[in-house]
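Take a look at the structure set out below.
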Amino acid sequence: MKAWLHSVRVLVWKDLLQEWRSRDILTSMLAFAVLSLFIFNYALELSPINRSEIAPGIVWVVMVFAGTLGLNRSFTAEQDQGCFEGLIMAVPDLSAIYFAKLLTNLLMMVFLAVLVIPIYSILYNQSLFNWAFFGVLALGAWGYSAAGTLISSMTVQTRMRDLLLPVLLFPLLLPVNMAVVKSCGVLLGSVAGQDINGWLNLLLVYDAVVTMLSIMVFEYVIQE
Amino acid sequence: MSYLSILAFALVLFAFVRVLFFTPVEQTMGLVQKVFYFHMSAAWVGMLAFLAAAAFGILYLSRKDLKWDTLTAASVEVGLLFTIICILSGMIWARPIWNTWWTWDPRLTTVTIMAFTYIAFILLRRGVDNPARRARFSAVYAIIGFISVPLTFFSARLLRTIHPVVFGGGETEMNLNAQMVATLFISLAAFTVLYIALLLQRARLMAQQEELNQQMAAVDSDYDWGE
């Protein structure tokens, strides 16, 4: 267990350091997210009244779309440099690789949320600073990263690569999308106070089930 | 033509005749309600096929025999076909009853998302050339896709639905008399046999296709290009 935790920590640190040195992915994700916010403004003609109702939907969709940029890159370095074999030999258990990638993707998504929330609040003059809202976004980001890490570890080994990731991933995300948008709507007060426990339970169950299942099948994805 | 296929054909024909001529017309909805028997049977086979695909996927991962991979792929294809039949027949029913071809009801949305999951499965297979890798990825995606189906259906239960419920559904439950219930079960049985027949035919065709590809490749590499 100790060796496992150690290798997860080293792998996360390696990915974050690599990203910090180039900052390719995060800058692209952020630029894409801000551009999407502008596109939504034109596409939906957001008036102050309807904008408060759809804020959680817009923030989540922006995160999901920008997140695919990061997920697509998640395994490309290993694949292109041929260091999967090295990684497989270096870790005590293959689940450490999956878990480390999951954490890296989750950290990127949370970092994206930290940047998108204030930008949205300024551009649309509506404060989204709400810890519960942020917590639900983080839970949603966990489910998103758990499914996304597994799918991107497969798509990176296919002929179509980036093309395939959203097609494979988005149908699996329906429960997360619904739970995040519905419960955030209540938390931000745009939908009259409903009970959100059902949605939060769904989100927790999804996160747990997809993470466990991915850990179980991950070895079949990366080992020949 | 196997005996199973002939049996499936006879059963479906029998169910069809029974639905049309020997089942009473529903009082409020009229003739269009008859689409329901095949609609529900198609929905059932769609679910069954995806459950079977996940089970075949698990078998492949534990046994590493490409036979299970062929069955996984065949089951998804057949299941997708039946799910599309289910969606289209539902639309035919919804047009006169709900006065619209489509509505964003949770039941409709979740079934369609399920169909998209399995369209993605077929795209994934097309993107991988190495048969062993294709088999591993197919198995993994069939399993994770199937796990997301109950979660998706659970999320739909948190929303209000206008879709009728056949068994144990309280106020939206349908009232079927004994003859209608008998017809429903005959259709379900007929479609189940049809599913098994189609699954085996498709799997056999896939295996033959694979064999043909290998022989063509062997001929290609043996061929002396002169000089």
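Just so it is clear, the model here is predicted, and its values are computed rather than measured. Letters go in sequence order (proteins before strands), and every chain restarts at 1.
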Inset, instruction - With rounding to the nearest 0.5 Å, note down the distance linking OG1 in T158(A) to CZ in R126(B). - result: 12.5 Å
Inset, instruction - Please check if atom CZ in R73(A) has more than 12 non-hydrogen atoms from other residues, nucleotides or ligands closer than 6.0 Å. - result: no
Inset, instruction - Check whether more than 12 heavy atoms from other residues, nucleotides or ligands sit under 6.0 Å from atom CZ of F134(A), and answer yes or no. - result: yes
Inset, instruction - Sort L61(B) into side chain, backbone, both or neither according to what part of it lies under 4.5 angstrom from a heavy atom of chain A. - result: both
Inset, instruction - Pick whichever of I119(B), T112(B), T109(B), D129(B) has the most heavy-atom pairs under 4.5 Å with chain A. - result: D129(B)
Legend entry - Given L150(A), I151(A), V217(A), the one that forms side chain to side chain contact (heavy atoms under 4.5 Å, CB included) with Y141(B): I151(A)
Inset, instruction - Working to the nearest 0.5 Å, report the span between CG of L123(B) and CE of M160(A). - result: 5.5 Å
Inset, instruction - Could you tell me which portion of S214(A) (side chain, backbone, both or neither) has an atom closer than 4.5 angstrom to a non-hydrogen atom of chain B? - result: side chain
Legend entry - Where F137(B) and M154(A) come nearest, the two heavy atoms and their spacing: CE2-O, 3.3 Å
Legend entry - chain B neighbours within residues 161-169 of chain A, where any heavy atom lies under 4.5 Å away: L164(A), V167(A), L168(A)
Inset, instruction - Give, for atom CE of M114(B) and atom CG of L174(A), the distance between the pair rounded to the nearest 0.5 Å. - result: 12.5 Å
Inset, instruction - Please state whether the side chain, the backbone, both or neither of E219(A) comes within less than 4.5 Å of a heavy atom of chain B. - result: neither
Inset, instruction - Please indicate whether W93(B) has more than 12 foreign heavy atoms, meaning atoms of other residues, nucleotides or ligands, lying under 6.0 Å from its CH2. - result: yes
Inset, instruction - Would you mind checking which part of V221(A) comes under 4.5 Å of any heavy atom in chain B, side chain (CB onward), backbone (N, CA, C, O), both or neither? - result: both
Inset, instruction - Answer yes or no: does atom CZ of F84(A) have more than 12 heavy-atom neighbours from other residues, nucleotides or ligands under 6.0 Å? - result: yes
Inset, instruction - Identify the heavy atoms of T117(B) and P171(A) that sit nearest to each other, and give their distance. - result: OG1-CB, 3.4 Å
Legend entry - Contact listing (chain B partner; residues 59-68 of chain A; heavy atom under 4.5 Å): none
Inset, instruction - List the atom of Q223(A), the atom of R136(B), and the distance in Å for their closest heavy-atom pair. - result: O-NH1, 3.2 Å
